[in-house]
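One is the number of the first residue; the rest follow in order along the sequence.
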Amino acid sequence: MKPMRLLTAVAALSFAMPAAAQTAAGASSPDGSISVTLTTDGDGRPVYTVSRKGQAILNQSRLGFLFTDVPKLDRHLQIIGQESSEFDQTWQQPWGEWQTIRNRYRELKVHLKETTALARVFTVTFRIYDDGVGFRYEFPDQPNLRQTNIAEELTEFAFASDGTAWWKPAFLWNREEYLYNRTALSAVGTADTPVTIKLADGTHVALHEAALVDYSGMAVARTEGNTLRAQLTPGAGRPKVTKSGAWTTPWRTLIIADGAPGIYMSRLMLNLNEPNKLGDVSWFKPGKFVGVWWNMIKGEWSWARGPKHGATNVHVKQYIDFAAANGIPGVLVEGWNVGWDGDWFGNGNDMDFAKPTEDFDADMLAAYAKKKGVRLIGHHETGGSASHYEAQFDKAFKFAADHGEMVVKTGYVTDAGQIERVDPDGTRLREWHEGQWMSNHFVRVAEAAAKYHVAFDSHEPIKGTGLQRTYPNWVAREGSRGMEYNAWGGKNPPEHEANLVFTRMLEGPMDFTPGVLSLKGQNDSDILSTEAKQLALYVVLYSPVVMAADTPENYAKYPRSFKFIRDVPTDWQDTRVLNGEVGDYVTIARKVRGGEDWYVGAVGDEQERSDSFDLSFLTPGKKYRAEIYRDGDDADYRTDKRHSVVYEKRVLTSSDKLTLRIAPGGGFAIRLVPIK
Ligand code: NOJ
Ligand code: CA
């Protein structure tokens with residue numbers, strides 16, 4: 001194909017170099033709504049733009065790289081060719097929010113070559129969807145870039161207008177566990193992605209990345225005005241990323257939609273990942289779990305051995321009995337293994353993932369669980385000693401499989417930049433949770449666990465970039481402030497979950513651990529939520545493995561609300577975001593996989609509101625019995641009425657519309673069952 005020439009208003013700024021001929025490439029999404037151009041300016045600097053429905057989203061944004069050892073790559077480039085093609089395929093998720101996913105885009109490949117003696121070449125590949133764009137750099141193996149040492153990626157996102165941005169600070173000690181800032185786009189600092197932006201006309205854009213493998217995570221830092229620029233996570237060495245031979249970056253992604261719900265409904269993140277590399281994973285069954293956990297998080301029990309030890313035979317049997325009695329398939333046990341007695345924060349070198357403590361009889365408990373139709377969920381807290389963990393992969397996952405554990409929760413509790421890596425020659429290095437080495441570590445975990453038919457749920461993880469498509473045993477992760485913060489001081493504010501849905505949840509499943517019906521943290525402190533909102537979280541915050549985080553004793557006090565937790569599934573055929581505004585409220589409807597029931601959940605923020613939505617997602621002509629769990633008229637997270645819940649039954653059809661009150665700090669949950 002010949003390069004397409006577009007007349008663009010590129011300011012042909014030229015400094016020392018004579019102006020190079022301007023060339024241009026461009027293409028649009030299948031429905032024509034989103035368009036991308038790539039041009040070179042007078043200095044041969046490649047710049048790209050993104051527009052939607054004729055409106056500029058990104059003005060000319062630069063591309064390029066700094067290296068630690070060779071000249072940078074961002075000027076003196078020429079477009080030497082372009083190709084465009086269409087793709088339309090439908091695929092099935094083994095588990096997820098949607099069973100069937102359509103992957104439809106137009107691809108544009110733009111080939112660039114340096115006009116200098118180095119003559120380095122690369123391709124920028126865009127995949128243009130009707131709801132966004134992904135693009136990545138692709139480098140062939142070449143004489144002048146055989147070993148690549150990347151100091152920084154120069155990719156820019158020059159937003160055409162200001163807006164409101166929701167973002168978390170990047171590179172601070174507590175990794176991804178910060179509250180969201182809501183600022184003008186023109187006031188963003190250095191931010192983790194996803195960054196979600198509402199432009200002045202209401203258009204929403206979520207900036208993130210897909211398929212982060214063998215590369216370091218991309219944060220963004222504002223340079224000037226509304227322009228954000230990539231800032232890669234460091235590694236232990238001087239280059240932030242090293243590559244050899246042919247290589248590609250992860251996809252840099254922009255989901256673009258009219259409103260917040262459309263951002264969530266995009267499947268772009270999954271579609272930009274490689275298909276399943278693990279084959280049949282039907283051995284993994286989504287489901288809920290309870291666990292020897294909340295009492296530890298609250299400080300009443302301990303992970304370490306001693307008088308307060310949580311993971312004892314007595315406690316674990318009690319949790320197995322409770323799970324079995326309530327049809328909950330999983331029981332997480334933390335602190336079951338040797339290694340917790342010393343200072344494990346930031347040091348997991350004592351952890352042995354195949355050696356239980358004396359008061360945890362793994363064989364007996366596995367047999368007891370099996371007899372009761374329940375499975376234990378394992379736990380590997382590495383304390384950030386990632387190499388020490390890798391050295392134990394085989395025995396750790398064999399131990400899990402031998403004890404019927406289908407899922408293992410993993411953890412990397414140490415400050416950012418303090419992951420311990422030990423190379424085969426004994427060299428000790430410090431890595432970042434989201435650096436290149438860790439991106440590969442997590443793939444090694446996925447592969448090692450899959451060998452034993454074990455799935456995993458990583459806490460203090462690298463950010464989610466849709467890799468659950470490729471490694472469908474990587475079933476969940478934390479990577480934000482979960483329920484545990486409600487046990488401690490500095491609790492999550494009521495708007496937190498309405499922020500998460502349109503930011504963190506775009507990465508994929510989150511192990512948030514909802515369902516603390518007691519609404520109490522440490523020292524009897526109040527959680528900033530109503531009881532009904534705790535139920536809503538089971539629908540609103542997606543994960544195939546979901547905890548009922550409170551204790552059996554507390555669930556016994558709230559049997560009517562607990563019924564919803566027992567009923568709600570964790571695997572879906574379909575998902576619809578019915579309404580929502582980032583950080584204010586959201587209402588989500590989901591249809592169970594392999595059944596006809598629908599569930600609806602809604603959460604708000606600190607304000608009272610009235611939430612209206614229609615039920616047109618239901619099958620027309622069918623009647624449904626609705627079991628509604630909503631905030632009482634007096635419910636309020638700030639008062640002793642936080643436990644005020646109304647339980648209602650109604651008959652509803654697809655032509656009905658519901659209007660329900662959401663209390664300050666509240667929410668509601670609904671189960672809809674077709675009437676035979
Ligand atoms: C932090 C995790 O988020 C939490 O769930 C876990 O219990 C502790 N680390 C100990 O591993
Ligand atoms: Ca954590």
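Closest of all the heavy-atom pairs between A663 and D631 is N-OD2, 2.8 Å. Taking both residues in full, the closest heavy atoms of N499 and G583 are given as OD1-CA, 3.2 Å, listed atom of the first, atom of the second, then distance.
Note: W572 and Y599 have perpendicular aromatic rings, judged against thresholds of 30 and 60 degrees for the angle between ring planes. Between W340 and W303, the angle of the ring planes stays under 30°, which puts this pair in the parallel group of the 30/60° scheme. Between W598 and F617, the angle of the ring planes lies from 30° to 60°, which puts this pair in the tilted group.
Between H433 and E460, the closest side-chain pair of non-hydrogen atoms falls below 4.5 Å. Considering only heavy atoms from C-beta on, Y542 stays 4.5 Å or farther from M510 through its side chain. By the 4.5 Å heavy-atom criterion applied to side chains, H643 and L519 are counted as neighbours. The closest side-chain heavy-atom distance from I197 to H204 is not below 4.5 Å.
The backbone N or O of G310 sits less than 3.5 Å from a side-chain atom of H315, completing a donor-acceptor pair. Between the side chain of Y264 and the backbone N or O of R576 there is no donor-acceptor pair closer than 3.5 Å. Put simply, the side chain of D550 gets close to the backbone of S518: a donor and an acceptor are under 3.5 Å apart.
Here the rule is salt bridge (Lys or Arg N to Asp or Glu O under 4.0 Å) with K463, and of E209, E434, E507 only E209 fits it. Y647 pairs with exactly one of F562, F668, Y629 by the ring pair (Phe, Tyr, Trp, His ring centres under 6.0 Å) rule, that one being Y629.
A donor and an acceptor atom, one from each side chain of N181 and T183, are nowhere located under 3.5 Å apart.
Outside the 6.0 Å centre-distance limit, the rings of W167 and Y180 are not counted as a close aromatic pair.
At a threshold of 4.0 Å, the pair D201-K198 does not count as salt-bridged, since none of the basic side-chain nitrogens sits closer than that to a carboxylate oxygen. Using a 4.0 Å cut-off between a side-chain N of Lys or Arg and a carboxylate O of Asp or Glu, E97 and R590 qualify as a salt bridge.
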Next on the checklist: salt bridge (Lys or Arg N to Asp or Glu O under 4.0 Å) for R182 and D584? Distances and angles first, verdict last.
Outcome noted: CA-CA 11 Å; R182 174 195 185 128; D584 294 343; 3.8 Å; yes
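Figure legend: R477 and W474 shown as a cation-pi pair, the cationic atom lying under 6.0 angstrom from the six-membered ring centre and within 45 degrees of its axis. Cation-pi geometry between K491 and Y485 is not satisfied (NZ or CZ under 6.0 Å from the ring centre, within 45° of the ring normal).
In this view, H309 satisfies the ring-ring contact (aromatic ring centres under 6.0 Å, His included) rule with no residue, not counting sequence neighbours.
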